[in-house]
Amino acid sequence: QVRLVDSGGGLVQAGASLRLSCAASGRTLSTYGMGWFRQAPGKEREFVAAISRSGGSQSYADSVKGRFTISRDNAKNTVYLQMNSLKPEDTAVYYCAAATSGFYGSTGRTYDYWGQGTQVTVSS
C-alpha cells in the first residue's frame, strides 16, 4: 500500500504559477501510473494530467494543455504538477492518485490510492 501526501497549494493571482507536489511513502512510486485530478465546489472531480511509470509519457486535459506540466522523480518518490498562467477557473482542490496497474489515463476509478488534496485558489 502506498500513502500519498499532496502539498504546494495556495492563494495566487491570475497569471501566477504554483508547483504541487505529491510525496509517496510505503512503496516505491516507480511502479505506479500517476495522475492529478481536481474538484471545484459544486462540481464533479475532473482529470488534469497523468504520467507513465517511467515519466516518458504524459497526458493532459484540454483545459490545462500548454499551461500545466506533470513530472516525476522516482528517486525522490515524488510527482509534481507545475501550473503556469493560472486562471480563476483553475480554483479547486487538487488530488494526486496512483494506479497499481500502471495506468495513467483520465479515468479516476482506475486509480487505487489518493492523496488528501491541496487547495488552489486563483483570484482575478
Side-chain angles (χ1 to χ4, degrees):
Q1 183 170 340
V2 65
R3 179 170 177 260
L4 304 175
V5 178
D6 306 323
S7 64
L11 171 61
V12 297
Q13 291 189 328
S17 298
L18 280 174
R19 188 176 80 157
L20 306 184
S21 297
C22 172
S25 60
R27 294 195 68 175
T28 302
L29 199 60
S30 61
T31 62
Y32 296 89
M34 298 296 298
W36 284 97
F37 291 77
R38 67 187 181 185
Q39 188 166 20
K43 295 187 177 181
E44 293 187 352
R45 182 183 63 196
E46 66 173 355
F47 169 73
V48 175
I51 190 167
S52 62
R53 286 166 167 161
S54 68
S57 296
Q58 305 89 34
S59 63
Y60 296 94
D62 288 343
S63 59
V64 307
K65 203 170 293 184
R67 299 188 298 123
F68 290 12
T69 302
I70 187 171
S71 62
R72 65 191 300 162
D73 185 337
N74 286 336
K76 294 183 177 180
N77 248 19
T78 303
V79 175
Y80 305 99
L81 185 68
Q82 178 67 42
M83 306 187 295
N84 298 330
S85 303
L86 283 161
K87 304 176 181 180
E89 50 264 44
D90 294 318
T91 295
V93 178
Y94 284 70
Y95 301 89
C96 72
T100 305
S101 65
F103 175 80
Y104 62 99
S106 60
T107 307
R109 65 178 180 272
T110 61
Y111 290 85
D112 304 292
Y113 303 102
W114 293 81
Q116 84 287 358
T118 184
Q119 175 71 48
V120 172
T121 304
V122 184
S123 63
S124 57

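No hydrogens, no waters, no symmetry mates; every other heavy atom, side chains included, goes into these values. Everything numeric in this text was worked out from a predicted model, so none of it was measured.
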Can you get from Y60 to V48 by hopping between Ile, Leu, Val, Met, Phe, Trp and Tyr side chains that sit under 4.5 Å apart? yes
Could you state whether F47 and M34 fall into the same hydrophobic cluster, counting links through intermediate Ile, Leu, Val, Met, Phe, Trp or Tyr residues with side-chain heavy atoms under 4.5 angstrom apart? no
What is the minimum heavy-atom distance between A50 and G105, and which atoms define it? CB-O, 3.9 Å
Going from CD1 on I51 to OG on S59, what distance comes out if it is rounded to the nearest 0.5 angstrom? 9.5 Å
Closest non-hydrogen atom pair between A24 and L4, with its separation: CB-CD2, 3.8 Å
Output yes when a side-chain donor or acceptor of S124 lies under 3.5 Å from a complementary backbone atom of P88, and no otherwise. no
Pairing of K65 and D62 as salt bridge, 4.0 angstrom limit: yes
When rounded to the nearest 0.5 angstrom, what distance separates OH in Y94 from CD in Q39? 12.0 Å
Do any N or O atoms from the side chain of N84 and from the backbone of T69 form a donor-acceptor pair under 3.5 angstrom? no
Do I70 and F103 share a hydrophobic cluster (ILVMFWY, side-chain heavy atoms under 4.5 Å, transitive)? no
Does V12 belong to the same Ile/Leu/Val/Met/Phe/Trp/Tyr cluster as L81, with side-chain heavy atoms less than 4.5 Å apart forming each link? yes
Are the side chain of R19 and the backbone N or O of Q82 linked by a donor-acceptor pair below 3.5 Å? no
To check you understand the geometry: which heavy-atom pair defines the closest contact between S101 and R53, and what is its length? O-NH2, 3.2 Å
Could you pull out the closest heavy-atom pair between T28 and T31, with the gap in Å? O-OG1, 3.1 Å
Grouping I, L, V, M, F, W and Y whenever their side-chain heavy atoms are under 4.5 Å apart, do W114 and V2 come out in a common cluster? no
Specify the closest pair of heavy atoms between W36 and Y80, including all atoms of both residues, with the distance to one decimal. NE1-O, 3.5 Å
Between the main-chain N or O of S52 and the side-chain N or O of R72, is there a donor-acceptor pair closer than 3.5 Å? yes
Classify the angle between the aromatic ring planes of Y32 and Y113 as parallel (below 30°), tilted (30 to 60°) or perpendicular (above 60°). perpendicular
d(S85 OG, F68 CZ) to nearest 0.5 Å is 9.0 Å
Side chain R45, main chain Y95, donor-acceptor under 3.5 Å: no
Donor-acceptor under 3.5 Å (N77 side chain, R27 main chain): yes
Kindly indicate, with the supporting measurements, whether the criterion side-chain contact (heavy atoms from CB on, under 4.5 Å) is fulfilled by R38 and L20. CA-CA 12 Å; R38 67 187 181 185; L20 306 184; over 6 Å; no
Nearest heavy-atom neighbours spanning T91 and A40: O-CB, 3.6 Å
Rounded to the nearest 0.5 angstrom, the OG-OH distance for S106 and Y111 is 7.5 Å
Pairwise distance OG1(T121) to CG(D90) - rounded to 0.5 angstrom: 11.0 Å
Hey, what do you get for CG (D73) to CG (L29), rounding to the nearest 0.5 Å? 10.0 Å
